[in-house]
Amino acid sequence: MNPPPGLGIVKGLVETARNFVGSFHDPARLTTVQYPDERLPAKENARNFPFLVYDGPDSEKGLRCVACKICEKECPPQCIYIILERDANGKPQKHPRVFDLDISVCMSCQICVEVCPFDAIKMDTDYELSRSDRFGGLLLTKAELAKPNDYYRRIHPTEAQEVDARLEEERARAQAKAKPPAAAAKPAAPAQPAPA
Amino acid sequence: MNAELSERELISALATGDVAPEGLAAALAFASPEAPAERGAGSAPVLAPPPRGNSDLLEVAMGPHHPSTHGVFRMDVTLDGERVVRLKPVFGYLHRNHEKIAEQTSYLGSMPYTDRLDYFCSLTNNWAYALAVERLAGLAVPERAEYIRVITAELTRLLNHSCLIGFLTHDMGTMGTPLMYAFREREKILDLFEALTGSRMMCNYMRFGGCRAELPPGWLEQTRSLVDEFPRFLDEFENLLSTNEILLARTQGVGVLTRELAVNAGVTGPMTRASGVNYDIRKVDNYGIYGRFPFRVPLGEHGDVYDRYMVRALEMRESIGILHQALRDIPAGPVIDPKAKLRGFRPKPGEAYGRIEAPKGELGFYLISDGSPNPYRYRVRPPSLINLTILEDMCLGHTVADVVVILGAVDIVLGEVDR
C-alpha cells in the first residue's frame, strides 16, 4: 500500500513547524547561546593550554617547576622549550631560566600534565586568547605562564584539592625523613618551599 | 533468475541470527513505492570509460574547494552532458604524515594524533589505537574502563550518524535544517565529552590499559537522561526524512553498490551493511565487552544511498539499546590498569593489529614493535579511504548532482582519508 503522494513532505513540515514554534518557548528547541553576552557555565574538566603553577606570592621563587625537562621530552608536537637555571659556578639550580611554550603549536593534549612528577604544569581553561602578534604573542614565556595555585584551585577545584593533599602528604613524609638526623642533615630534596 | 536465487541464498547464508529482517524490511517497504527488485537493478547503466581526447566530453574538477566534497578532496569527473562517464578521486591534500610521525614519537605521544584522524569520532580512534597497543603489550583493561569505552564509542556513533544524515540531506539541498537539528543533538553529546575528557572533539581520553580519568560526578545521570531523550530526536528525524518524497527520489536507486563489489573492495561499516553484507566487527570480533550486549545489525537490500541512510538511522536505535544496557551495568572499580605505565613504555618486540567497528567502518591500527619506546611500524587502516575507492563504480551513469549525494553517503572525513 502506497501512502498518498506528498504525505512525507507534509509530515516533515509538521516537524519543522513544531521546531519553529518550539523555539519561542521550549529551551530544548532553541539552544543558541549569545556568546559574548551569555556564556555557558565552565566545565571543570575543560582544558585549553598549559600554565605553570606557583606557590606563595612570588611567581619566580614559588614556581613548582624544577626544569627536569620531562614535559619537553614527552610533548608530542614539541612545543615546550626549557633552559635550566645555573648559578655563577655552573651548578644546576632546579629552576627553569627559560620556559617557553608555543601555543600556536600546542595541541592541548595535556600529556605534559600527566607526565609531570611535580604537579608543576596544569591545564588552563582560558579560551579568549586572540593576540595582535601571531608569532611573539603566541609564544608564552615563563612570566606569562606562571599562575598562582589559588587560580588553579578556582578553575579545577576537585583536581586541585587532590593535588594539594598529595603534595602536603609528600612534604610531611619528607620532613619526617629529614628529622631523625636532626639539623645536620641536608634539607629534604623533592619538596618545594611550603606555601603560605 | 538463477543469479537472483543464488544471491538470495547468499543473503540467507550471511544473515545469521542477529539481523533484523522484519524491522528493516518494514522500514524499507513503506518507504519504497516500487518493488525492491526494480529499484536495485534499474537505474545505473555501467558505461565503459571512453578513450581520452574525446572532444564531446567535458572534464570538470569538482574540488578541492567544492563545498560538497566534505573537505579538501577533488573528483575529476568526465561528463557526457550531465552523465558521469569517468570519475577519478584525488586525495592527499590533507596529508600530515601521521604514520611516519608516529614512528618517531612514543606510543603515548601518538594518542592525541589519533584524535585528528577522524575528527568527528576521536573516541573510537583512541579505542582502536589503545586496543592495538594493548594487544601488542598484553595489557588487560579493567571492567569499568571497558564499559566507559563502550558508552563513549556508542555516543560517538550516535553523533557521527546523526551528523552524517544531516550532511547527506544538506548535500541534497535541504539548506541545513536537518543538519542543524543533528548538530543540536551532537552538541549535547559533545558537552558530555567535554565534561568527561576536557575537550569536545580532541578527546585524547583512552590510555593503554584503560581510560585517563574517572567519570566526573553526575556524568552517568546526564548520559542516561540524554540516552532516554535521544529516541525522541530520532523519531523526529525520521518523520522529517524517511518518507520525504524528495529524499526518496534523490536517493533510491542512486549509487548502487553490489554485494560482490562491496566485499571485494573491502568496504566496511554501514556502507557494506547497506549492501546486505552482514559484517559488523562488534559481532565478528567481539572486542572489548561487546559480546555481552544483545543488539541487532541492520542490513540493507539494495545498496543504494537510501539504504545507507536507513541503515545508519536504524543503527542509532541499536546503539541506544547498547547504551541503555551499558549504563545500567557499569560496575565500580578502577578505570585504568594500575600496572600500566605512562612513561618509559616499551612493549616487547612483536606485532599486533587492533581493529574496531568505528562509525565509518573497520578502523584498524597495525603496529610492529622492536622493543624501543616508539613503534617500528605504525599503519592505520582508515575506513573512509577504503570506502572511497569504489566511488567511481557507484557514480558511473549518474548525474553530477547524484555524485554529490553518493559521496555524501560514503561518509568520509578527509582527516582520516589523507592522514
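All of these numbers come straight from a predicted model, not from anything done at the bench. Naming: A, B, ... by sequence-line order, numbering from 1 per chain.
Side-chain N or O atoms of Asn45(A) include none that pairs as donor or acceptor with a backbone N or O of Thr197(B) at under 3.5 Å. Formation of a donor-acceptor pair under 3.5 Å by the Glu245(B) side chain with backbone atoms of Gly8(A) is found in this model.
Annotation for Cys109(A) and Pro112(B): closest pair CB-CB, 3.5 Å, computed over non-hydrogen atoms. Minimum interatomic distance between Asp191(B) and Lys43(A) (heavy atoms only, all atoms of both residues): O-CE, 3.4 Å.
Environment of CZ in Arg134(A): sparse, with no more than 12 heavy atoms of neighbouring residues, nucleotides or ligands closer than 6.0 Å. The 12-atom threshold is exceeded at OH of Tyr119(B), counting heavy atoms of other residues, nucleotides or ligands nearer than 6.0 Å. By the 6.0 Å contact criterion, OH on Tyr151(A) is enclosed, its count of non-hydrogen atoms from other residues, nucleotides or ligands being greater than 12. Glu85(A) CD: more than 12 foreign heavy atoms inside a 6.0 Å radius. Within 6.0 Å of NE2 in His98(B) there are more than 12 heavy atoms belonging to other residues, nucleotides or ligands.
With a 4.5 Å cut-off on non-hydrogen atoms, Tyr181(B) touches chain A through its side chain but not through its backbone. Residue contact with chain B, scored on non-hydrogen atoms closer than 4.5 Å, is absent for Thr125(A). Within the 4.5 angstrom heavy-atom criterion, atoms from both the backbone and the side chain of Leu108(B) approach chain A. The part of Arg212(B) that comes within reach of chain A is its side chain, from C-beta onward, which places non-hydrogen atoms under 4.5 angstrom from that chain. No part of Arg18(A) comes within reach of chain B, as not one of its non-hydrogen atoms sits under 4.5 angstrom from that chain.
By the 4.0 Å N-to-carboxylate-O rule, Glu114(A) lies close enough to Arg207(B) to be salt-bridged with it.
A distance of 11.0 Å separates CD of Glu238(B) from CD of Glu15(A), quoted to the nearest 0.5 Å. Note that CG of Asn239(B) is 12.0 Å distant from CG of Leu13(A), once rounded to the nearest 0.5 Å. Rounding to the nearest 0.5 Å places CD1 of Ile246(B) at 4.0 Å from CD1 of Ile9(A). Note that the CZ atom of Arg343(B) and the CD1 atom of Ile70(A) stand 3.5 Å from one another [nearest 0.5 Å]. Atoms OG and CE, from Ser199(B) and Met107(A) in turn, are 11.0 Å apart once rounded to the nearest 0.5 Å. Atoms CE and CG, from Met180(B) and Asn19(A) in turn, are 13.0 Å apart once rounded to the nearest 0.5 Å.
A donor and an acceptor atom, one from each side chain of Asn204(B) and Arg47(A), are nowhere located under 3.5 Å apart.
The residue among Leu40(A), Thr31(A), Ile111(A), Thr158(A) with the most heavy atom pairs within less than 4.5 Å of chain B is Ile111(A). In terms of non-hydrogen atom pairs under 4.5 Å with chain A, the most contact-rich of Glu236(B), Glu194(B), Glu229(B) is Glu236(B).
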